[in-house]
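Heads up: the structure comes next, in structure tokens.
Keep in mind that the numbers below use all heavy atoms, side chains included, and drop hydrogens, waters and symmetry copies. Keep in mind that this is a model prediction, so the values were computed, not measured. Residue numbers start from 1 in every chain, and the chains themselves are labelled A, B, ... in the order their sequence lines are given, proteins ahead of strands.
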Amino acid sequence: MLRIEQVGKQFQNGFIALEEINLEVAQGEIVSLVGTSGCGKSTLLRIIAGLSLASVGAVYVDDELVTQPHSNVDLIFQEPRLMPWLTVRENVQFGLANVSPLEKNRRTQFILERVGLAQFAEALPRQLSGGMAQRVAIARALVTQPSILLLDEPFSALDAFIRMKLQDHLLDIWADDRPTLLLVTHDIEEALVLSDRVIVLRGTPGRIYQEFAIDLPRPRKRTDAHFQQWKERILNSLDLSLEQRLAVEA
Amino acid sequence: MANTLSYPLPRGASIRRFLRGASFKALAPWGVPVLLILVWQLLVQFGWISTRVLPSPLSVVQAGIELAKSGELFHHVKVSAWRAIAGFAIGGSIGFILGLLNGTFSLSERLLDTSVQMLRNIPHLAMIPLVILWFGIGEEAKIFLVSVGVLFPIYINTFHGIRTVDPGLLEMGKVYGLKPHELFGQIVLPSALPSILVGVRYALGIMWLTLIVAETIANDAGIGYMAMNAREFLQTDVVVFSILLYALLGKLADSIARWLEAKLLQWHPSYQEG
């Protein structure tokens with residue numbers, strides 16, 4: 001479980017990025033934070049990950065105060081961030097400490113098969129395509145069996161088709177262990193395909209503006225009329241000027 | 001009937017295939033040197049160049065064989081190689097450690113970098129008179145000069161390698177709770193390795209250069225001594241042979257550096273084999 005209480009962040013140069021963020025995410029829930037660039041959504045994710053400290057307020061993971069990266073929390077970035085000198089297998093095992101070698105191999109093999117990269121286990125990152133590299137990053141995160149997985153615009157560097165495929169793929173793998181997913185994105189469709197709840201951040205400093213519980217049945221169809229209605233509602237909530245709106249939809 | 005259709009071979013295809021072949025690729029780099037040596041041999045043989053100026057390649061080879069037979073050759077090579085290795089080990093380690101310190105800790109960079117940069121800009125060979133005053137003309141003088149020569153390229157490249165580690169990878173390490181020494185061993189050092197090896201390769205070149213100069217000053221053994229000694233007796237063939245020896249040893253050192261790169265940097269996109 002994740003609890004965020006009255007979190008605010010002011011950078012050293014005086015810029016205030018976030019203010020009064022209160023949020024609770026239940027175990028196994030999938031929540032998206034959407035907002036335009038500069039609303040502090042990535043900053044919030046970094047604070048939850050323990051990579052950056054809140055100026056005020058507190059973050060609790062499984063009722064423990066977060067002051068540094070928590071072992072039950074894993075993170076997927078926009079870039080795969082694989083160690084270029086390690087093979088796919090070694091990269092997946094990178095965060096897997098305190099596990100017996102036997103268990104380590106069993107879990108690695110399982111997750112590699114799950115992301116469809118078992119035959120690339122000994123390949124080096126430079127031999128992978130962008131989508132494959134991001135699947136390795138997903139495998140590396142999930143192999144530790146985190147209770148919370150944070151995703152910072154995980155698919156935004158990929159082309160539209162691979163992005164859709166990986167969104168479905170992520171949901172499929174998620175169903176194995178059902179960790180809590182907290183996703184930062186500016187892709188409203190992505191938020192709608194994945195999430196139980198969508199939270200709109202707005203303003204500078206960023207605050208929670210509106211929250212939507214998405215009641216669309218799963219699996220969700222991107223072309224469905226209700227889906228498109230939801231998209232419209234969230235776009236309206238973001239209150240974008242025309243140019244911004246075009247940029248978000250693109 | 002569709003089988004009868006075949007594409008004509010483009011003109012010159014067999015030549016192109018030969019140019020891409022493995023045996024051509026292996027032999028091609030040696031074509032120019034072999035040609036030059038042939039021309040050289042002919043020029044001397046027809047008397048267009050005096051043997052006092054440049055002996056024929058054959059007599060250079062003969063001089064080499066004689067030196068090898070008498071055992072002199074191996075003695076001098078051993079002495080020179082020892083100086084090179086000792087100087088490289090001392091200077092390289094100091095440069096590496098300084099590069100690590102200054103690349104990792106900003107306090108140490110603030111304290112030391114300016115001094116290192118000032119020293120770096122002194123041509124180390126300009127210190128020869130001073131070095132002779134300090135150490136005389138013994139082994140220490142040569143090893144000292146080689147050390148100073150190799151120190152800076154290794155320092156700069158180690159420093160640069162550490163400073164340009166991808167911060168995203170470091171952050172990944174922090175996400176997985178790596179301790180500082182683990183971050184260093186598992187992320188910083190492997191990331192800096194390509195740059196460090198560039199420094200090693202550059203330093204190997206400077207190592208030979210320094211040694212050549214240092215050995216010709218005043219000496220009683222080593223390849224440089226062999227050359228200077230031969231000069232006094234007008235043995236041009238031995239002088240040329242010594243120079244060739246430096247070229248060969250330099251090439252050997254470079255090949256070792258390349259082999260290390262190929263071995264250690266298989267993962268790096270710029271060092272793909274083949």
Side-chain angles (χ1 to χ4, degrees), chain A residues 42 45-53 61 66-99 122-128 133-134 136-137 140-146 148-153 157, chain B residues 96 99-100 103-104 106-107 110 157-158 160-201 257-274:
Chain A
S42 286
L45 209 69
R46 293 177 57 81
I47 291 171
I48 299 168
L51 290 171
S52 171
L53 284 179
V61 166
V66 172
T67 52
Q68 57 181 355
H70 194 283
S71 61
N72 290 347
V73 179
D74 219 311
L75 202 58
I76 297 176
F77 294 97
Q78 183 177 344
E79 331 79 58
R81 298 197 184 181
L82 305 177
M83 305 299 152
W85 51 87
L86 298 182
T87 63
V88 166
R89 181 193 305 282
E90 290 163 338
N91 264 296
V92 170
Q93 294 176 341
F94 190 79
L96 206 53
N98 312 323
V99 188
E122 308 309 325
L124 287 165
R126 69 170 162 88
Q127 297 163 316
L128 305 177
Q134 199 57 326
V136 178
R140 174 179 60 190
L142 288 176
V143 81
T144 62
Q145 299 175 342
I148 298 175
L149 180 56
L150 307 172
L151 305 101
D152 190 358
E153 309 205 3
Chain B
F96 180 66
L100 288 186
T104 313
S106 54
L107 176 69
R110 187 155 305 158
N157 285 287
T158 305
H160 176 259
I162 286 180
R163 276 303 159 90
T164 50
V165 174
D166 180 356
L169 296 184
L170 282 177
E171 201 168 67
M172 213 59 239
K174 280 179 205 146
V175 169
Y176 289 116
L178 295 194
K179 299 187 180 65
H181 70 274
E182 292 171 319
L183 277 178
F184 184 79
Q186 293 182 33
I187 297 175
V188 176
L189 212 50
S191 296
L193 198 58
S195 182
I196 295 173
L197 286 179
V198 168
V200 166
R201 213 165 148 187
R258 270 183 192 240
W259 177 80
L260 272 180
E261 281 179 356
K263 197 95 190 138
L264 298 173
L265 302 180
Q266 275 172 18
W267 53 271
H268 199 286
S270 316
Y271 292 94
Q272 290 177 31
E273 63 272 62

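- Interface remark: A/T144 contributes side-chain atoms only to the contact with chain B (heavy atom separation under 4.5 Å).
- Annotation: residues 165-174 of chain B contacts chain A through B/G168, B/L169, B/E171, B/M172, B/G173, B/K174 [non-hydrogen atoms, separation under 4.5 Å].
- B/R258 CZ: 12 or fewer foreign heavy atoms inside a 6.0 Å radius.
- Considering only residues two or more places apart in sequence or on other chains, A/P69 meets the side chain to side chain contact (heavy atoms under 4.5 Å, CB included) condition with A/L51.
- Of residues 80-89 of chain A, those residues lying under 4.5 Å from chain B by any heavy-atom pair are A/R81, A/L82, A/M83, A/P84, A/W85.
- Contacts with chain A (heavy atom to heavy atom, under 4.5 Å) involve these residues of residues 175-183 of chain B, listed by number: B/V175, B/Y176, B/L178.
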